[in-house]
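Here's the structure, in structure tokens; my notes come after.
Throughout, protein chains are lettered first and strands after them, A, B, ... in sequence-line order, and every chain is numbered starting at 1.
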There are 2 protein chains.
Amino acid sequence: MKLIPRNTDYAVRAICYIAKKRPAVVSVAELVKKIKIPRPFLRKILQTLNSEGMLISYKGKGGGFRLARKPEAVYLTDIMEAFQGPFKLNECFFKRKICPDRNKCCLKKKIDSIERMVYRELRSITLGSVLRGH
Amino acid sequence: MKLIPRNTDYAVRAICYIAKKRPAVVSVAELVKKIKIPRPFLRKILQTLNSEGMLISYKGKGGGFRLARKPEAVYLTDIMEAFQGPFKLNECFFKRKICPDRNKCCLKKKIDSIERMVYRELRSITLGSVLRGH
DNA sequence: AAATAATGATACCATACTGGTATCATTTGT
DNA sequence: ACAAATGATACCAGTATGGTATCATTATTT
Ligand code: FES
Ligand code: FES
């Protein structure tokens, strides 16, 4: 029932820090010092964030990461999906056999509606809103 | 990000079947035949449902399980909590250090509100509503 | 009373997932 | 050339999930 695993959590912390330092390039070394996350794990996380287009990386001496988009354009759901795959709360309870018609199953409708609701709410959270504090 | 694991799912299927057969006593043997769930796993699940007060069990020949309460009084959240523990979607992202004041943290507020929302919606689903189909 | 058919309790097990480590290659600034 | 950074990738330990197996207990039937 955990909505947010560790890597997503770390990712949000890290990206927040990087966002605050905009437009500076932030190295893993600095991040490790500031927010306490195991270094190799954080590296992997940042690489993902980079490959998903939320960060831009700079190799070589003086390199590091900076935000690829405006904070307002970085949705929490993007970060979640980068680590947890497409947003899907659950498959349905009775697949076939028991529910005669899937399109009319009220249980499925309810669960689906909850999923949309959660998604919509999470979608309203952006890096920008977190930084601004509302 | 999975809201409902296998045992909860199985539990709902089983309890639905038992509810439909009310007030008859249903044996594991019958359940296994009707809904396809591995027998020992199903037994464990029914034992939990029994110990949580949602089913009443009868030992000995001709024994089995029947619903302990009216279907309207069996909430989906009860079943979920029986298998998944207390309803808690996630701990907060930045515990201390980063968020200066936990009570004012907007991110936490949002996530908490999502959690309450989901809970309220799930709470509106009872065995009764599922059986009636709305 | 014995046999049988049911659940109760509980210990065990295989696999997958989560969280994390380690290593080497590549790029860039000095 | 060297140092400082990330890229890519393979590996690993611990835990959770999903499931099995076994024996004890209880109730019915004969
Ligand atoms: S629960 Fe999936 S179709 Fe009814
Ligand atoms: S996210 Fe937990 S206090 Fe801000």
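- Other residues, nucleotides and ligands place no more than 12 heavy atoms under 6.0 Å from the NZ atom of B:Lys34.
- Rounded to a whole Å, the CG atom of B:Leu55 is 17 Å from the P atom of C:dA6.
- Here D:dT20 presents its P atom at 15 Å from CD of B:Gln47, a figure rounded to the nearest Å.
- Proximity of A:Tyr58 to the phosphate of D:dA4: no side-chain N or O atom is located under 4.0 Å from OP1 or OP2.
- For the pair A:Glu72 (side chain) and A:Leu127 (backbone), a donor-acceptor distance under 3.5 Å is absent.
- Along DNA chain C, the nucleotide nearest A:Arg39 and the nucleotide nearest B:Ala29 are compared for position; the residue whose nucleotide lies closer to the 5' end is B:Ala29.
- The residue B:Gly63 sits close only to the backbone: its heavy atoms come under 4.0 Å of sugar-phosphate atoms, none of a base.
- Between the CD1 atom of A:Ile4 and the P atom of C:dG19 there is a distance of 12 Å, rounded to whole Å.
- Nucleic acid contact for B:Phe83: none, since no nucleic acid atom lies under 4.0 Å from a heavy atom of the residue.
- What separates CZ of B:Arg66 from P of C:dA6 is a distance of 18 Å, to the nearest Å.
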Inset, instruction - I would like to know whether A:Ser124 and B:Lys110 meet side chain to side chain donor-acceptor pair (under 3.5 Å); could you show each step before the answer? - result: CA-CA 9 Å; A:Ser124 78; B:Lys110 274 233 169 186; 2.5 Å; yes
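- With D:dT6, D:dT29, D:dA10 as the candidates, the nucleotide lying closest to the side chain of B:Lys61 is D:dT29.
- Heavy-atom neighbours of B:Lys70 NZ from other residues, nucleotides or ligands within 6.0 Å: at or below the threshold of 12.
- Taking only side-chain nitrogens and oxygens, B:Lys2 comes nearer than 4.0 Å to OP1 or OP2 of D:dG18.
- No donor-acceptor contact under 3.5 Å links the side chain of A:Lys59 to the base of D:dG7.
- Contact annotation: B:Asn50 reaches the phosphate of C:dG8 (side-chain N/O to OP1 or OP2, under 4.0 Å).
- In the model, B:Tyr17 has no side-chain atom that pairs as donor or acceptor with a side-chain atom of B:Arg13 under 3.5 Å.
- Atom NZ of B:Lys33 and atom C1' of C:dA6 are 14 Å apart (whole Å).
- Atoms CZ (A:Phe41) and P (D:dT6) sit 17 Å apart, rounded to a whole Å.
- As rounded to whole Å, 12 Å separates atom P of C:dA6 from atom CG of B:Leu31.
- Across all strands shown, A:Pro5 has heavy atoms under 4.0 Å from sugar-phosphate atoms exclusively, and none from any base.
- Annotation: the span from A:Arg22 atom CZ to A:Arg66 atom CZ amounts to 11.0 Å, rounded to 0.5 Å.
- When distances are taken from the side chain of B:Phe65 to each of D:dA3, D:dG18, C:dG8, the shortest belongs to C:dG8.
- Residues B:Val26 and B:Lys44 each lie close to DNA chain C; by heavy-atom proximity, the contact nearer the 5' end of the strand is made by B:Val26.
- Within the structure, every side-chain polar atom (N or O) of B:Ser27 is placed at least 4.0 Å from both OP1 and OP2 of C:dA5.
- Rounded to whole angstrom, the span from the CD atom of B:Glu52 across to the P atom of C:dG8 amounts to 13 Å.
- Taking the nucleotide of DNA chain D with the nearest heavy atom to each of A:Arg43 and A:Met1, the more 5' of the two is matched to A:Arg43.
- The base of C:dG20 lies outside donor-acceptor range of the side chain of A:Arg6, with no N or O pair under 3.5 Å.
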